[in-house]
Student: 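So that we are looking at the same thing, I have put the structure below in C-alpha coordinates.
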Amino acid sequence: MELHAYKSAFTREKAGLAEHIDFRVGDAVRIISELLEGIDFFLMDLWKELYVPCLEAVMLKLNPGAMLVADNVRPDREDTRAYVEDATA
(Lines give C-alpha, C1' and ligand atoms only; values in the text may rest on other atoms or scores of the structure.)
Protein backbone atom coordinates (compact mmCIF):
# COMPACT_ATOMS: atom_id res chain seq x y z
CA MET A 1 0.00 0.00 0.00
CA GLU A 2 1.33 3.35 -0.99
CA LEU A 3 -0.28 6.76 -0.86
CA HIS A 4 1.43 7.93 -4.06
CA ALA A 5 0.94 6.09 -7.37
CA TYR A 6 4.39 7.05 -8.71
CA LYS A 7 6.11 5.39 -5.73
CA SER A 8 4.06 2.24 -6.17
CA ALA A 9 4.88 2.11 -9.89
CA PHE A 10 8.60 2.59 -9.19
CA THR A 11 8.60 -0.20 -6.61
CA ARG A 12 6.62 -2.53 -8.85
CA GLU A 13 9.18 -2.03 -11.64
CA LYS A 14 12.31 -2.32 -9.47
CA ALA A 15 11.35 -4.98 -6.92
CA GLY A 16 11.10 -7.87 -9.35
CA LEU A 17 8.40 -9.42 -7.18
CA ALA A 18 5.29 -8.05 -8.86
CA GLU A 19 3.77 -11.51 -9.33
CA HIS A 20 3.98 -12.07 -5.55
CA ILE A 21 2.87 -8.66 -4.27
CA ASP A 22 -0.56 -7.03 -4.32
CA PHE A 23 0.17 -3.34 -4.92
CA ARG A 24 -2.55 -0.91 -3.79
CA VAL A 25 -2.55 2.90 -3.97
CA GLY A 26 -4.36 5.10 -1.46
CA ASP A 27 -4.90 5.60 2.25
CA ALA A 28 -3.53 2.54 4.09
CA VAL A 29 -6.05 2.53 6.95
CA ARG A 30 -8.96 2.69 4.48
CA ILE A 31 -7.46 0.04 2.21
CA ILE A 32 -6.82 -2.32 5.13
CA SER A 33 -10.37 -1.85 6.41
CA GLU A 34 -11.76 -2.75 2.97
CA LEU A 35 -9.68 -5.92 2.51
CA LEU A 36 -11.74 -9.08 2.16
CA GLU A 37 -8.81 -11.46 2.42
CA GLY A 38 -6.31 -11.84 5.25
CA ILE A 39 -2.76 -10.52 5.37
CA ASP A 40 0.30 -12.78 5.68
CA PHE A 41 3.02 -10.11 5.83
CA PHE A 42 2.72 -6.40 6.56
CA LEU A 43 5.56 -3.86 6.53
CA MET A 44 4.55 -0.64 8.23
CA ASP A 45 6.63 2.34 7.12
CA LEU A 46 4.57 5.51 7.21
CA TRP A 47 4.14 8.74 9.13
CA LYS A 48 4.51 7.85 12.80
CA GLU A 49 1.15 9.41 13.80
CA LEU A 50 -0.51 6.82 11.55
CA TYR A 51 1.13 3.79 13.19
CA VAL A 52 -1.57 3.25 15.84
CA PRO A 53 -4.57 3.63 13.48
CA CYS A 54 -2.84 1.36 10.97
CA LEU A 55 -2.01 -1.20 13.68
CA GLU A 56 -5.62 -1.23 14.87
CA ALA A 57 -6.86 -1.83 11.32
CA VAL A 58 -4.30 -4.47 10.38
CA MET A 59 -4.62 -6.54 13.57
CA LEU A 60 -8.15 -7.46 12.50
CA LYS A 61 -6.90 -8.72 9.12
CA LEU A 62 -3.76 -10.73 9.99
CA ASN A 63 -3.84 -14.42 9.14
CA PRO A 64 -2.65 -16.91 11.79
CA GLY A 65 1.15 -16.93 11.74
CA ALA A 66 1.33 -13.59 9.91
CA MET A 67 4.30 -11.30 10.36
CA LEU A 68 4.02 -7.56 11.01
CA VAL A 69 7.18 -5.44 10.76
CA ALA A 70 7.27 -1.77 11.75
CA ASP A 71 10.09 0.49 10.58
CA ASN A 72 11.98 2.73 13.03
CA VAL A 73 10.04 1.66 16.11
CA ARG A 74 11.73 1.67 19.49
CA PRO A 75 10.21 2.06 22.96
CA ASP A 76 12.52 5.02 23.70
CA ARG A 77 11.19 7.06 20.76
CA GLU A 78 8.45 9.48 21.74
CA ASP A 79 6.82 9.37 18.30
CA THR A 80 6.39 5.56 18.40
CA ARG A 81 5.73 4.97 22.11
CA ALA A 82 1.93 4.67 21.67
CA TYR A 83 2.47 2.09 18.91
CA VAL A 84 4.76 0.01 21.14
CA GLU A 85 2.27 0.18 24.00
CA ASP A 86 -0.64 -0.90 21.74
CA ALA A 87 1.37 -3.61 19.98
CA THR A 88 2.47 -5.22 23.25
CA ALA A 89 -0.87 -4.96 25.07
Student: I need the I39 CD1 to L62 CG distance, nearest 0.5 Å.
Tutor: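 Reported to 0.5 Å precision, the distance equals 6.0 Å.
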Student: What ring pair (Phe, Tyr, Trp, His ring centres under 6.0 Å) pairs are there with at least one residue in residues 11-40, not counting sequence neighbours?
Tutor: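 Sorted pair list comes back empty.
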Student: Could you pull out every donor-acceptor pair under 3.5 Å between side chains of residues 8-17 and any protein atom, sequence neighbours left out?
Tutor:
unit_1, atom_1, unit_2, atom_2, d
T11, OG1, K7, O, 3.0

Student: Would a 4.5 Å heavy-atom cut-off, applied to side chains only, mark F42 and K61 as touching?
Tutor: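 Side chain of F42 against side chain of K61, heavy atoms only: no contact under 4.5 Å found.
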Student: Go through the structure and list residues passing ring pair (Phe, Tyr, Trp, His ring centres under 6.0 Å) with H4, not counting sequence neighbours.
Tutor: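 Listed in chain order: Y6.
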Student: Tell me which donor-acceptor pairs under 3.5 Å the side chains of residues 24-32 have, and how far apart each pair is, sequence neighbours excluded?
Tutor:
unit_1, atom_1, unit_2, atom_2, d
R24, NE, D22, OD1, 3.4
R24, NE, D22, OD2, 2.9
R24, NH2, D22, OD2, 2.7
R24, NH2, E37, OE2, 3.0
D27, OD2, V29, N, 3.4
D27, OD2, R30, N, 2.8
R30, NH1, E34, OE1, 2.9
R30, NH1, E34, OE2, 3.4

Student: The test is side chain to side chain contact (heavy atoms under 4.5 Å, CB included); show your working for V69 and F41 and say whether it passes.
Tutor: CA-CA 8 Å; V69 177; F41 177 81; 3.8 Å; yes
Student: With sequence neighbours left out, write down each residue that passes side chain to side chain donor-acceptor pair (under 3.5 Å) with D45, or none if nothing qualifies.
Tutor: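 D45: no side chain to side chain donor-acceptor pair (under 3.5 Å) contacts found.
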Student: Sequence neighbours left out, cut at 3.5 Å: what donor-acceptor pairs do the side chains of residues 50-58 make with other protein atoms?
Tutor:
unit_1, atom_1, unit_2, atom_2, d
Y51, OH, M44, O, 3.2
Y51, OH, K48, NZ, 3.3
Y51, OH, D71, O, 2.8

